[in-house]
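Throughout, protein chains are lettered first and strands after them, A, B, ... in sequence-line order, and every chain is numbered starting at 1. Predicted model, so just to flag it, every value in this text is computed and none were measured. The figures that follow rest on heavy atoms only: side chains count, while hydrogens, waters and symmetry mates do not.
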Amino acid sequence: MRLVTVAGPPSSGKTAVTIKAIASLHREGVRVGVVKFDSLSTQDQSLYEKQGIAVTTGLSGNLCPDHFFVSNASDCLSWGKELGFDLLVIESAGLCNRCAPHIQGVLAVCVIDNLSGVDTPKKIGPMLKMADVVVVTKGDIVSQAEREVFAHRVRQVNTSAVILHVNGLTGQGGHELGRLLLDAPETTDLEGKLLRFSMPAALCSYCLGQRRIGSDYQMGNVKKMDFPKGEPCTP
Amino acid sequence: MADLLRQMPCAADFFTTLGLAIPPAEQSPAAYFVSLDAELLEDLGLEREGLEERFFAFIGLLESLQAGRSNALIESITILGGHDKSGRPEEFDLTIRPGEIVSIVGPTGSGKSRFLADIEWLAQGDTPTGRSVLINGELPDPGLRFSIDRKLVAQLSQNMNFVMDLSAEEFVTMHAESRMIEDPPGVTRTIIDLANELAGERFSPQTPVTALSGGQSRALMIADTSCLSTSPIVLIDEIENAGIDRKRAVRTLVDRNKIVLMATHDPILALMGDRRLVFKNGGISTVITTSPAERANLVRFEEMDARLNAVRHALRNGEMIEDI
């Protein structure tokens, strides 16, 4: 079975472009399944179902959804193999720009949108910088110049990825994305595979449910800011 | 490092976009990457291995961007017919050259977008329409499919907007810089002047792009695309209501040796085309060559248009519209 991870910031269009790509693959008789990760609740399950796409959802509750994803990645693969898919797409929750759910040897897709602004590619971590395919969405509502500058900025931070424009509403580019997904390498087992980059580190007292503020209540992996020195304001 | 940055000042962007400090002049890139603090790299979401490779890939990208300007231009694009939604074969082979205008007509859902996507993707019988695209009469290099700096199609349509919070001048300069052209301020002036000629109402270089009227935005987009976009094909989708000199706008693009594809039902624009493609049921049903009689009618449509414009102008000036 081929495996793909799809990640991207919130509302960038991950689900919409995945649906368009799968619709095109369905027409060719490719059997595709989706695992959608989210934190509290998700409507995406029903969006996939409406299109007749086999889908299951993993809700992480009060755990970091990306840590939750990695803990369940092997089980996702087993589910996909059991149901006999040709291609399994794992869609991340997409909550923070630093997260890195991509796996070595598994096709990594990052979805970002033109509306997020031209400085966004700089602000996104390994999720974008280490992706194999970068899908740029919402190009139909910004000017040609902005699209070109945006794609250039993506290219600056990820020189090797394939950059593809897909319109999640009309499906333009969806067929082409489908072709790229089908080129994903076969994955038979994830045991022992490596993430492309470490997840943001955690484990401080707040991870364990602490709610009180103050240094007495902070334990574990705690990091402090540096503030600039300066003269106090004169009254 | 100092030599490299002198030859290629833009190479510094590699470090700034990743959040790294510019390496000291005497250090080689390799030595610099070795010297970086592990914790800093972790915080920035970077891995030491691969940084050097990425740096040289970045330099390669800059070199290809600079070289791209002098690259041989596309002389022709040929589209070999496929089939429509019912599998009926399209009986046409269409070759379009720079400076030509081709109109695209047909109802919504008739396959106009798919046609453009086929060109953009350089279809080789592997899209739902089964069409193939040739560049200069030959099979294109597959690498061209994903090359963002050699993208074939630039798109301009009615629902596009500027979303950046910049003045017109800053905006165009930023685009010029990303193209790595030699004289960004000069090109910026040219583009803003051209946009002002196309727009009905003038705007200044300091006007924020988000404050431009619909017509001014469209004019700036067309001027910018004609001067700065490297894409040889420009797709124009419905600019009929834009309140700009649309005939002149299309001429501007053709004069810059672009291939202009126009999805439009505006008679003045549609008849400007040398040919028009009629779409039905996902395929091209006919290719019509604009006849001399149609061209003659174009003159009459232009007269009607000029009269309507005069009325619009009079309305704007608060005049009575009684004698027409």
Enquirer: Would you say B/Trp121 and A/Leu164 make side-chain contact, with heavy atoms under 4.5 Å?
Expert: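 Touching, per the 4.5 Å side-chain cut-off.
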Enquirer: Is atom CD of B/Glu39 surrounded by more than 12 heavy atoms (other residues, nucleotides or ligands) closer than 6.0 Å?
Expert: no
Enquirer: Only pairs of heavy atoms separated by less than 4.5 Å count here; which of A/Gly173, A/Ala145, A/Gly171 has the most with chain B?
Expert: A/Ala145
Enquirer: Tell me if the CZ atom of B/Arg48 is crowded by more than 12 foreign heavy atoms within 6.0 Å.
Expert: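 Counting neighbours around CZ of B/Arg48, more than 12 heavy atoms of other residues, nucleotides or ligands fall under 6.0 Å, so yes.
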Enquirer: Would you call A/Arg153 and B/Glu177 a salt bridge, taking side-chain N to carboxylate O under 4.0 Å as the test?
Expert: no
Enquirer: In Å, rounded to the nearest 0.5 Å, how long is the span from CZ of B/Phe56 to OG1 of A/Thr159?
Expert: 12.5 Å
Enquirer: Go through the atoms of B/Asp13 and report whether side chain, backbone, both or neither lie under 4.5 Å from a heavy atom of chain A.
Expert: side chain
Enquirer: Is the number of heavy atoms from other residues, nucleotides or ligands under 6.0 Å of B/Asp126 CG greater than 12?
Expert: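 Result for CG/B/Asp126: enclosed.
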Enquirer: Quick one: does A/His175's side chain have a donor or acceptor within less than 3.5 Å of a partner on B/Ala117's backbone?
Expert: no
Enquirer: Would you mind reporting whether B/Gln155 and A/Arg147 have side-chain heavy atoms less than 4.5 Å apart?
Expert: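 Side chain of A/Arg147 against side chain of B/Gln155, heavy atoms only: contact under 4.5 Å found.
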Enquirer: Considering only heavy atoms from C-beta outward, does the side chain of B/Met174 approach that of A/Val118 to under 4.5 Å?
Expert: yes
Enquirer: Measure across A/Gln144 and B/Ser229 and return the closest heavy-atom pair with its distance rounded to 0.1 Å.
Expert: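 Closest approach of A/Gln144 to B/Ser229, heavy atoms only: NE2-OG, 4.1 Å.
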Enquirer: Relative to chain A, which segment of B/Met164 carries a heavy atom at a distance below 4.5 Å: side chain, backbone, both, or neither?
Expert: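 For B/Met164, backbone and side chain are both near chain A.
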Enquirer: Around atom CD of A/Glu49, are there more than 12 heavy atoms of other residues, nucleotides or ligands at under 6.0 Å?
Expert: yes
Enquirer: Report yes if the side chains of B/Arg179 and A/Glu148 come closer than 4.5 Å at any heavy-atom pair, otherwise no.
Expert: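 B/Arg179 reaches A/Glu148 side chain to side chain.
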Enquirer: Stepwise, does the side-chain contact (heavy atoms from CB on, under 4.5 Å) test hold for B/Met160 with A/Glu146?
Expert: CA-CA 10 Å; B/Met160 279 174 186; A/Glu146 279 158 291; over 6 Å; no
Enquirer: Examine distances only and state if a side-chain atom of B/Arg54 and a backbone atom of A/Val157 form a donor-acceptor pair shorter than 3.5 Å.
Expert: yes
Enquirer: Working to the nearest 0.5 angstrom, can you tell me the gap between A/Lys129 NZ and B/Leu18 CG?
Expert: 5.5 Å
Enquirer: Run B/Glu120 and A/His165 through side-chain contact (heavy atoms from CB on, under 4.5 Å) and show every step you take.
Expert: CA-CA 10 Å; B/Glu120 197 161 14; A/His165 288 84; 5.6 Å; no
Enquirer: Heavy-atom distances under 4.5 Å only: say whether A/Lys123 touches chain B with side chain, backbone, both or neither.
Expert: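 It is neither, since no heavy atom gets under 4.5 Å.
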Enquirer: Under 4.5 Å, counting heavy-atom pairs only, tell me which of B/Thr225, B/Thr127, B/Asp224 racks up the most with chain A.
Expert: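 Option with the greatest count: B/Thr127.
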Enquirer: If I measure from the heavy atoms of chain B, does A/Glu176 come under 4.5 Å with its side chain, its backbone, both, or neither?
Expert: both
